[in-house]
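Beneath this line is the structure, given in structure tokens, with notes to follow.
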Protein chains: 2
Amino acid sequence: MTIRAIERAMNVLQELNQQPINTIAQLHARTKLPKPTLVRILRTLEEAGYVENDTRQGGYQVSALVTSLSSGFHKGPLVVEAGRAWAIAITRKHKWPVAIALPDYDDMIIRFSTVPDSLISPFHSTVNKRLCMLTRAMGLAYLAFLDGEDRNVMIDILQKSDNPENALSHHRDKLLRLLNEVRSNGYATRSSTVEPRNSDTIAVPIIAKSGRVLASLGLTYFKAAFGSEQEARDRYVPILKSAAVAISEDLNRLSSSVAIDVSSADPSAISND
Amino acid sequence: MTIRAIERAMNVLQELNQQPINTIAQLHARTKLPKPTLVRILRTLEEAGYVENDTRQGGYQVSALVTSLSSGFHKGPLVVEAGRAWAIAITRKHKWPVAIALPDYDDMIIRFSTVPDSLISPFHSTVNKRLCMLTRAMGLAYLAFLDGEDRNVMIDILQKSDNPENALSHHRDKLLRLLNEVRSNGYATRSSTVEPRNSDTIAVPIIAKSGRVLASLGLTYFKAAFGSEQEARDRYVPILKSAAVAISEDLNRLSSSVAIDVSSADPSAISND
DNA sequence: CTCTATCGTTTCGCGAGCCGGAATGGCTTG
DNA sequence: CAAGCCATTCCGGCTCGCGAAACGATAGAG
């Protein structure tokens with residue numbers, strides 16, 4: 001037996017994180033919860049400080065306090081931590097959302113995204129979303145820059161997948177041609193055969209100084225905002241590439257300049273002030 | 001009328017973020033909730049994926065999914081985003097917790113902390129905790145590096161405070177001597193007149209290329225782990241100073257190398273893949 | 001080995017308090 | 001000025017969360 005009210009509240013909090021501003025009506029449509037229930041949940045979250053009710057804008061939004069709900073979790077890969085600031089900076093400057101994805105078995109998983117920052121989105125849940133490796137920009141950018149050996153292992157795994165989006169793994173020559181093209185371009189884009197058609201993603205790999213491919217960094221834009229896809233690529237590819245290099249440099253500095261080793265006693269009880 | 005079950009669940013989630021591993025008994029002691037209630041709440045959070053029950057260790061901990069409860073919130077200052085990776089790297093390397101604090105009126109507020117990462121702590125809620133400006137390392141490191149004009153304004157504000165920890169603001173000469181000492185040392189430590197006595201914090205300012213003092217970066221350690229406080233300072237001050245410089249450089253790069261401006265259409269609906 | 005203390009978890013009947021359809025009132029729109 | 005949409009409030013009904021007590025497992029002491 002689980003507590004329904006809590007499940008509902010968590011779902012509401014999730015939805016609130018999808019958009020900068022949320023009306024009761026939107027939340028009602030997305031969560032299927034009765035409006036009075038929503039109002040009660042939101043009031044509870046508001047009094048606890050996690051949510052703000054901006055009456056001028058007529059909507060609810062998450063407040064700074066939500067960060068403390070995950071302040072105890074920093075187990076993510078350092079590349080995500082190093083990349084967040086860059087992703088945020090790019091979105092602030094260029095408006096379009098940026099995401100960082102890491103490989104997980106035969107998919108990529110989005111580990112950080114600025115989607116909720118900049119826009120009203122019909123899509124949900126971009127963080128922790130799985131992306132297919134062979135049709136999505138983030139996947140191709142990762143796969144194309146793997147070394148021959150690693151790449152072959154990966155393709156073998158993909159062939160065992162029953163996801164129709166991985167069909168290309170059975171046409172090895174065609175796939176390799178695509179990967180080589182991505183590699184020589186230095187970036188990948190989403191396959192035109194998959195949804196959504198009204199947007200495109202440009203992705204580049206984040207490669208450690210050691211040469212290991214760690215993650216991919218992608219920017220998504222609305223096709224309608226540009227005269228051609230080439231125009232968008234000309235503009236954003238250099239930005240993404242230099243950001244990826246910068247993230248890699250940060251990682252390098254992070255592990256080296258902090259590297260005065262201390263092997264002394266284990267800390268056990270402490271507070272930060 | 002608010003929903004009690006939700007308030008309780010949020011409190012439990014907060015407590016779970018304070019320690020890497022939490023037993024029912026600990027949570028019971030801290031939240032004052034009956035154990036069956038805790039079990040029910042934890043089961044609910046577990047089924048929703050926010051909490052893991054590591055039966056081997058016999059305790060509950062937050063899982064990666066909690067990050068999605070705040071994935072929509074990136075409105076914080078960029079200096080926090082730029083600093084997180086460095087704070088995490090230092091803690092991973094040197095074990096002791098590191099925090100970033102920003103000024104807020106006459107206090108500092110901790111905006112990021114690695115406290116929950118490394119240890120079992122009797123202290124709670126370090127993120128969003130307010131620190132007094134004149135007795136805490138993070139406050140002194142900030143105040144001492146303000147320019148004369150800004151600093152005077154700040155001291156005037158502090159004199160209006162009724163917080164006994166700000167008493168020093170009424171002894172301007174004594175305070176200025178202390179601030180000058182901090183400034184020439186390049187770091188501050190917590191006043192020995194305030195709790196907790198068994199630990200100390202070393203803090204340095206994070207100063208933008210423009211010269212503006214943005215935040216402070218502090219490391220807290222147990223006094224018992226070192227022969228003398230000087231020993232700890234000799235070891236960690238250089239690390240903190242170089243990290244503060246690195247954060248400042250990152251900020252500079254973040255705003256410059258991304259600076260190809262785009263003034264085109266507003267994005268409105270998009271997903272990241 | 002047994003006894004005991006303490007842990008996490010389950011049980012179960014009571015009743016507080018959450019639920020949601022319907023009503024309210026404000027605000028915009030045609 | 002009516003009509004539609006919105007967020008919010010009301011209130012009777014009845015679920016469903018509550019927590020004292022019991023349970024089973026584990027660890028340490030004697």
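Order of the sequence lines sets the chain letters (A, B, ...), proteins ahead of strands, with each chain counted from 1.
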Please report, rounded to the nearest Å, how far the C1' atom of C/dC18 is from the CD atom of A/Glu7. 15 Å
Would you say the side chains of B/Thr44 and A/Glu7 form a donor-acceptor pair under 3.5 Å? no
For D/dC6, take OP1 and OP2 only and decide whether either is under 4.0 Å from a side-chain N or O of A/Thr23. no
Residue A/Ile24, side-chain heavy atoms: nucleotide from D/dA7, D/dC18, C/dT10 that is nearest: D/dA7
What is the distance, to the nearest angstrom, from the NZ atom on B/Lys35 to the C1' atom on D/dG19? 13 Å
Earlier contact from the 5' end, DNA chain D, for B/Ala5 and A/Ala25: A/Ala25
Would you please confirm or rule out a distance under 4.0 Å between OP1 or OP2 of C/dT10 and any side-chain N or O of B/Arg43? yes
With the side chain of B/Asn53 defined as its heavy atoms from C-beta on, choose the nearest nucleotide among C/dT9, C/dC19, D/dC18. C/dT9
Please work out if B/Thr44 contacts a base, only the sugar-phosphate, or nothing of the nucleic acid, heavy-atom cut-off 4.0 Å. nothing
Atom CD of B/Gln26 and atom C1' of C/dG8: how far apart are they, to the nearest Å? 13 Å
For A/Asp54 and D/dA7, what is the distance between atoms CG and P respectively, to the nearest whole Å? 14 Å
Closest heavy-atom pair, B/Ala64 versus A/Phe73, reported as atoms and distance to 0.1 Å, is CA-CZ, 3.3 Å
Is the phosphate of D/dC18, meaning OP1 or OP2, less than 4.0 Å from a side-chain N or O of B/Thr37? no
For a quick check, tell me whether the side chain of A/Arg40 and the base of C/dG20 share a donor-acceptor pair closer than 3.5 Å. yes
Measure the shortest side-chain to side-chain distance between A/Ile24 and A/Tyr60 over non-hydrogen atoms and say whether it is less than 4.5 angstrom. yes
For the pair made of CG in B/Leu38 and P in C/dC7, what is the distance, rounded to whole Å? 13 Å
Between C1' of C/dG20 and NE2 of A/His28, the distance in whole Å: 11 Å
Protein-nucleotide distance (A/Asn22, atom CG; D/dA7, atom C1'), rounded to Å: 15 Å
Selection from C/dC19, D/dC10, D/dC18 that lies nearest to any side-chain heavy atom of A/Pro36: D/dC10
Can you check the A/Ile6 CD1 to C/dC18 C1' distance for me, whole Å? 13 Å
Would you kindly compare B/Ile41 and A/Leu42 by the position of their nearest DNA chain D nucleotide and give the one closer to the 5′ end? A/Leu42
side-chain N/O B/Arg4 vs D/dG17 OP1/OP2, d < 4.0 Å: no
Value for CZ (B/Arg92) from OG1 (B/Thr114), rounded to nearest 0.5 Å, stands at 10.5 Å
Distance only, no hydrogens: is a donor on one side chain within 3.5 Å (strictly under) of an acceptor on the other, for B/Thr201 and B/Arg190? yes
